[in-house]
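Throughout, a chain's letter reflects where its sequence line sits, starting with A, and its residues are numbered from 1. What's counted below: heavy atoms across the whole structure, side chains too, no hydrogens, waters or symmetry copies.
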Amino acid sequence: MPDPSRPARAYTRRTVLKSAAVTTAGTALSPAVALAGATAPSVIAPGESAEIALSVNGREHVLTVEPRVTLLDALRERLGLTGTKKGCDRGECGACTVLVDGERVKACLTLAVMRQGSDITTVEGLADGDRLHPVQEAFIRHDAFQCGACTSGQVMSAVACIREGHAGTEAEIREWMSGNLCRCACYQNIVTAVADAAREVGR
Amino acid sequence: MRAFGYIPVREPAEAVRAVRRAPGAAFIAGGTDLLNLMRDGAQRHEHLVDINRLDLASITDSTRGLRIGGLARMRQVAEHRSVRENFPVLAEALEASASPQVRNMATIGGNLLQRTRCGYFRDAASPCNKRTPGSGCPALEGWNRGHAVLGGSEHCIAVHPSDLAVALLALDAVVHLLGPDGPRHVPMDGFHLRPGQAPHVDTVLRPAELITAVEVPRRTTAVRSRYLKLRDRATFEFAVVSVAAVLELRGDRVRDVRLAFGGIATTPWRSPEAEAVLRGAPLTVDAIERAGRALVREAVPRRHNGFKVALVQRALVELLSGLGGLR
Ligand SMILES: Cc1cc2nc3c(=O)[nH]c(=O)nc-3n(C[C@H](O)[C@H](O)[C@H](O)COP(=O)(O)OP(=O)(O)OC[C@H]3O[C@@H](n4cnc5c(N)ncnc54)[C@H](O)[C@@H]3O)c2cc1C
Ligand code: SF4
Ligand code: FES
Ligand code: FES
């Protein structure tokens with residue numbers, strides 16, 4: 001068992017600085033390099049940082065984080081993927097919803113170090129080049145937002161909701177989209193957009 | 001959040017050793033409660049031991065019953081075919097919990113060990129006997145609308161918030177543990193502790209003990225079971241009052257009934273008194289109302305939560321008359 005006081009692969013601030021010079025935090029590396037880090041998460045001592053590999057939208061990233069960095073902060077602050085929003089930072093609003101290995105989760109309630117080796121999809125990874133995802137198109141078509149703060153979370157949640165088979169009726173959509181709040185109360189248009197996208201995806 | 005160390009583990013015994021040895025260590029499973037507690041300063045840990053890679057997530061179904069791994073996710077259990085067919089109360093309690101995203105992350109073990117939603121407990125600036133023993137309980141005289149009317153003490157009246165635990169209690173489930181001294185198991189009835197003199201202790205779990213599984217004994221009666229959850233909004237909210245019932249009828253008589261309640265007590269609450277009123281009796285609205293009165297006989301309502309006493313009795317009538325085909 002690893003002795004926490006003597007971590008097997010600890011990073012002091014010095015080694016972090018040194019390695020940062022070689023691989024700037026957040027740079028995409030070749031998958032082979034990144035995967036080596038992804039398969040065996042290592043012990044990190046309190047207050048120290050370590051290099052971890054995250055696979056986001058099909059690209060491998062190596063970044064240097066402390067264990068306390070949430071997946072949400074890693075995406076936004078380290079990888080510059082600010083499409084994922086921070087609303088409540090405590091699991092209550094859904095603005096930070098991303099897909100991990102295809103399932104919707106709240107990025108503010110999980111640590112980046114816990115997601116080494118997972119496939120993460122953010123709203124930036126939904127479109128196919130210039131072609132928007134059917135859920136994104138449906139949100140535009142139905143004017144399913146006002147300020148937009150909740151929208152990327154709604155869209156990510158809707159993609160999973162439809163895939164799970166929970167978008168059959170309006171009532172079902174309301175229940176299964178309940179983890180995503182909208183301060184602008186665009187609920188009716190969101191429900192319509194999700195229902196429409198579900199029909200489209202089902203076709 | 002304060003800094004902490006990170007220890008990923010692969011084997012259950014390794015996890016137990018890591019939490020026992022590393023100072024201020026805790027397991028982290030889904031992280032959906034722990035990270036909020038740490039962010040709020042309600043709990044501090046120097047090390048988190050990541051148990052997500054342990055091989056404890058499977059659900060197995062046999063003639064003896066259902067064995068749910070401690071790391072099974074809430075969604076996974078709610079979707080399981082045998083759970084839906086044979087233990088509907090369990091699937092219903094899970095699907096009425098949290099949100100789809102949280103249910104994809106949160107585990108069965110973590111759910112049983114989630115901490116109270118009492119606002120004073122979660123606010124590190126406020127006194128609270130559960131968080132800081134001996135500092136007092138502002139809920140007794142303060143805002144206590146969400147608090148318990150049963151099972152409290154003069155030291156704490158906080159409600160245990162788990163829906164899952166209420167369903168498991170009605171199903172006579174057993175919690176399997178692995179600790180530094182080896183494995184043991186504890187019935188759900190007795191797993192959570194009333195606050196008494198020591199409100200900072202929520203459960204019988206010993207230091208470094210890991211929940212490896214929850215076992216639900218198979219009983220044909222559980223097929224007729226249901227969960228009713230009343231909340232302040234239609235969905236994505238904790239219970240104000242909830243009832244889990246497992247009912248077996250012979251003709252119009254109650255052959256057996258098991259009743260557990262959430263939202264009204266300091267622990268998931270089984271009521272032998274209410275069950276005794278119904279067992280062997282014809283199932284009528286009158287009998288259910290008598291059972292409800294037996295349930296709340298010892299209730300100690302506070303300034304803002306007195307409404308729960310009436311509400312839980314009505315919830316019981318609603319649930320059992322539906323389940324028993326009286327309506
Ligand atoms: C917005 C929101 C709404 C919610 N609504 C509801 C609701 O309506 N109903 C409801 O019941 N719950 C609700 N919850 C609570 C949620 O169900 C719990 O947070 C979750 O089940 C905890 O599981 P976890 O795996 O994330 O645990 P973690 O947060 O990882 O851990 C919780 C605790 O359990 C310990 N632990 C975890 N696994 C084990 C194990 N196997 N052995 C020993 N110790 C362990 C940890 O050390 C920690 O102390 C809600 C949560 C959120 C964030
Ligand atoms: S009710 Fe319990 S948890 Fe809430 S303030 Fe009092 S002691 Fe703390
Ligand atoms: S920011 Fe994560 S749920 Fe609100
Ligand atoms: S569009 Fe403003 S919060 Fe939803």
Side-chain angles (χ1 to χ4, degrees), chain A residues 1-5 7 10 40-50 52 65-71 73 88-94 96-111 113-117 153 156-157 160-161 164 166 174-181, chain B residues 1-11 13-25 28-40 45-53 73 75-76 79 95-106 110 122 231 233-237:
Chain A
M1 106 106 214
D3 179 349
S5 60
S42 50
V43 172
I44 309 170
E48 298 200 340
S49 301
I52 64 164
V65 292
E66 275 191 57
R68 61 176 156 176
V69 175
T70 60
L71 177 61
D73 285 340
C88 62
D89 207 19
R90 48 188 312 108
E92 288 167 7
C93 74
C96 65
T97 303
V98 299
L99 306 183
V100 172
D101 297 328
E103 291 188 359
R104 46 177 163 165
V105 304
K106 293 182 172 174
C108 68
L109 287 184
T110 187
L111 300 171
V113 289
M114 290 163 65
R115 300 302 176 174
Q116 300 174 72
M156 297 311 289
S157 200
C161 178
E164 291 162 13
H166 290 136
R174 282 182 185 275
E175 172 61 35
W176 289 86
M177 288 294 292
S178 64
N180 293 81
L181 306 188
Chain B
M1 227 184 309
R2 283 163 158 260
F4 52 83
Y6 175 72
I7 307 173
V9 290
R10 292 198 160 267
E11 299 296 330
E14 185 192 357
V16 170
R17 273 198 307 273
V19 166
R20 191 162 64 96
R21 286 190 197 161
I28 184 163
T32 63
D33 195 31
L34 188 61
L35 293 179
N36 278 343
L37 290 164
M38 290 175 70
R39 245 187 303 243
D40 292 346
H45 297 288
E46 271 175 71
H47 291 90
L48 292 187
V49 174
D50 183 354
I51 55 177
N52 285 286
R53 284 175 178 77
R73 310 287 150 173
R75 170 186 175 188
Q76 183 193 344
E79 282 182 352
E95 285 194 343
S97 300
S99 66
Q101 291 98 316
V102 172
R103 297 198 296 270
N104 279 342
M105 313 170 78
R122 301 247 163 191
R231 321 171 230 198
R233 58 182 180 194
T235 184
F236 191 23
E237 189 53 273

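You'll find the side chain of B/Phe4 reaches within 4.5 Å of the side chain of A/Pro67, heavy atoms only.
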**Request:** Could you walk me through whether A/Leu111 and B/Asp50 pass the side-chain contact (heavy atoms from CB on, under 4.5 Å) test, one step at a time?
**Result:** CA-CA 10 Å; A/Leu111 300 171; B/Asp50 183 354; over 6 Å; no

**Request:** Go through the steps for A/Asn180 and B/Phe236 under the test side-chain contact (heavy atoms from CB on, under 4.5 Å), then give the verdict.
**Result:** CA-CA 10 Å; A/Asn180 293 81; B/Phe236 191 23; over 6 Å; no

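One finds the CD1 atom of B/Ile7 at 11.5 Å from the OG atom of A/Ser42 (value rounded to the nearest 0.5 Å). Note that CD of A/Glu103 and CD of B/Gln76 are 9.0 Å apart. Values are rounded to the nearest 0.5 Å.
Nearest heavy-atom pair, B/Pro100 versus A/Gly179, reported as atom, atom and distance to 0.1 Å: CD-N, 4.3 Å. When every heavy atom of A/Gly94 is checked against every heavy atom of B/Gln101, the shortest pair comes out as CA-NE2, 4.4 Å. Here the closest non-hydrogen pair linking B/Val102 and A/Gly91 is CG2-O, 4.4 Å. Considering every non-hydrogen atom in both B/Ala29 and A/Met114, the closest pair reads O-CE, 3.2 Å.
Contact annotation for B/Met105: only side-chain heavy atoms (C-beta onward) come within less than 4.5 Å of a heavy atom of chain A. Residue B/Ala106: no heavy atom, backbone or side chain, is found under 4.5 Å from chain A. Interface remark: B/Leu48 contributes side-chain atoms only to the contact with chain A (heavy atom separation under 4.5 Å). Using a 4.5 Å cut-off between heavy atoms, B/Glu11 makes no contact with chain A at all.
Shown here are the salt bridge (charged side-chain N to carboxylate O under 4.0 Å, His left out) partners of A/Asp89, two or more places apart in sequence or in another chain: A/Lys86, B/Arg39. In this structure, the salt bridge (charged side-chain N to carboxylate O under 4.0 Å, His left out) partners of B/Asp40, at least two apart in sequence or on a different chain, are A/Arg90.
Panel note: side chain B/Tyr6, backbone A/Val113; a donor-acceptor pair is recorded below 3.5 Å. At least one donor-acceptor pair under 3.5 Å links the side chain of B/Asn104 to the backbone N or O of A/Arg104.
Interface remark: of the candidates B/Gly5, B/Ser99, B/Ala98, B/Gly5 forms the most heavy-atom pairs closer than 4.5 Å to chain A. Ranked by heavy-atom pairs under 4.5 Å with chain A, the first of B/Glu79, B/Arg103, B/Glu46 is B/Arg103. In terms of heavy-atom pairs under 4.5 angstrom with chain B, the leader among A/Leu181, A/Thr110, A/Leu109 is A/Leu109.
A donor-acceptor contact closer than 3.5 angstrom is absent between the side chains of A/Lys106 and B/Thr32.
Taking the ring axis of A/Trp176 as reference, the NZ or CZ atom of B/Arg75 does not stay both within 45° of it and closer than 6.0 Å to the ring centre.
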